[in-house]
Protein chains: 2
Amino acid sequence: MDNIDSIDLQILKHLQENSNINIKELAGKLFLTVTPVYERIKRLERDGYIMKYVALLDKKKLNLGMTVFCNVRLKEHAKNVGSNFVKDIVALPEIIECYNIAGDYDFMLKILVEDMSSYQDFVMNKLSTIENIGNTQSVFVMGEIKHSTALAI
Amino acid sequence: MDNIDSIDLQILKHLQENSNINIKELAGKLFLTVTPVYERIKRLERDGYIMKYVALLDKKKLNLGMTVFCNVRLKEHAKNVGSNFVKDIVALPEIIECYNIAGDYDFMLKILVEDMSSYQDFVMNKLSTIENIGNTQSVFVMGEIKHSTALAI
DNA sequence: TTTTTATCAGTATTTATTACTGAACAAAGT
DNA sequence: ACTTTGTTCAGTAATAAATACTGATAAAAA
């Protein structure tokens with residue numbers, strides 16, 4: 001029911017780089033006609049290999065040019081009650097990503113803001129109001145060398 | 001030449017969540033006809049607000065279920081010669097993201113691999129062969145709480 | 001008021017997607 | 001060797017969407 005071949009992989013590889021390519025052109029690259037390519041894409045969507053199609057926007061143009069990684073340690077007594085914390089994190093749109101990590105800290109957040117003063121505002125008025133947060137460590141991004149959404153398939 | 005209004009923002013907000021929405025439906029949500037929405041999207045593409053359209057794939061289904069953040073410190077003498085390092089980083093497809101950071105380490109990499117043994121292979125045979133790398137620290141991701149490509153606009 | 005500019009609606013055209021049908025081929029059983 | 005079954009594909013027709021074009025409306029500037 002649920003296995004993919006090398007043609008599927010090729011299709012995925014193209015779509016994760018540019019999902020606006022039309023099926024005819026994609027079919028040409030794969031030396032096929034539109035029908036099999038169309039049906040394969042639909043199957044890959046149905047089976048969950050393709051989760052969604054999105055537009056990637058320019059952070060800087062939209063005044064979100066500052067990236068900060070924020071490591072978070074929960075209070076000792078709260079280690080097992082992560083669910084409230086998770087709900088609060090998901091609700092904050094500045095937090096683009098949140099990972100439960102191994103090591104010195106419990107969570108790592110990736111945060112996008114306009115500048116340093118908005119980051120200060122975020123930490124002071126939003127992040128710090130989340131209960132159970134023990135302490136945090138901010139790692140500021142000076143430059144973005146590489147940023148891809150494409151998997152190495 | 002280069003300014004956007006609230007309708008543009010609404011369009012961007014929708015497209016970064018689902019770029020496969022058709023213009024007619026999007027126009028309906030914004031109480032407009034297709035033409036202005038179409039023209040606005042084209043302008044947003046031309047002006048670089050929309051960088052690209054991509055399909056987001058399921059990591060786990062494609063056997064890339066392990067995420068590791070790897071902090072890298074360059075050798076002391078190499079602090080100013082980052083360019084070769086950058087070229088090597090960009091060439092490795094397992095490295096999805098790479099940031100130049102402030103703090104204890106020089107760079108932070110986000111790496112996607114299948115499992116621990118492929119990570120070991122990656123560090124041993126690929127990452128460590130890059131010259132000028134001093135030492136590294138791996139932060140393993142146990143769970144992904146939130147992962148969005150959508151900006152808070 | 002007149003001109004200019006920007007934004008929009010409506011429509012026609014082009015292009016892409018989707019649905020449908022049947023052919024070709026391979027694997028498994030008779 | 002010959003069906004049978006299932007899968008993948010090509011070709012074509014139908015549908016739906018994107019794009020191009022024209023002109024109307026309204027707001028801002030002359």
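What you see is a predicted model, and the numbers here were worked out from it, not measured in a lab. Residue numbers start from 1 in every chain, and the chains themselves are labelled A, B, ... in the order their sequence lines are given, proteins ahead of strands.
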Inset, instruction - Can you sort out which residues in residues 5-27 of chain A have a heavy atom within less than 4.0 Å of DNA chain D? Ascending by number, please. - result: A/I7
Inset, instruction - Start with the C-alpha distance between B/D121 and B/S118, add both sets of side-chain angles, then the distance that settles side-chain hydrogen bond (donor to acceptor under 3.5 Å, both in side chains), and finish with yes or no. - result: CA-CA 5 Å; B/D121 179 66; B/S118 10; over 6 Å; no
Legend entry - Out of C/dG10, D/dA10, D/dT19, whichever nucleotide has its closest atom nearest the side chain of B/T35: C/dG10
Inset, instruction - Measure the distance from CZ on B/R43 to P on D/dA18 and round it to the nearest whole Å. - result: 18 Å
Legend entry - Protein-nucleotide distance (B/I4, atom CD1; C/dA6, atom P), rounded to Å: 18 Å
Inset, instruction - For the pair B/E131 and B/K75, find out whether any cationic side-chain nitrogen is under 4.0 Å from an anionic carboxylate oxygen. - result: no
Legend entry - Interatomic distance where CZ belongs to B/F31 and P belongs to C/dA9 [whole Å]: 12 Å
Legend entry - Between C1' of C/dA9 and CG of B/L32, the distance in whole Å: 10 Å
Inset, instruction - Check the distance between D/dT19's C1' and B/K42's NZ and give it to me in whole angstrom. - result: 8 Å
Legend entry - Pair A/K42 + A/E39, salt bridge at N-O below 4.0 Å: no
Inset, instruction - Calculate the interatomic distance between B/E39 atom CD and C/dA9 atom P; express it in whole Å. - result: 10 Å
Legend entry - B/R40 side-chain N/O to C/dC8 phosphate OP1/OP2 under 4.0 Å: yes
Inset, instruction - Please determine if a side-chain N or O atom of B/Y38 lies less than 4.0 Å away from the OP1 or OP2 oxygen of D/dA20. - result: yes
Legend entry - A/R73/A/D106 ion pair, N-O < 4.0 Å: no
Inset, instruction - Could you check whether the rings of B/Y119 and B/F140 sit parallel, tilted or perpendicular, using 30° and 60° as the cut-offs? - result: perpendicular
Inset, instruction - Answer yes when B/D47 and A/K61 have at least one side-chain N-carboxylate O distance shorter than 4.0 Å, and no when they do not. - result: no
Legend entry - Atom pair distance, as rounded to whole Å: OH in B/Y53 and C1' in D/dA17: 15 Å
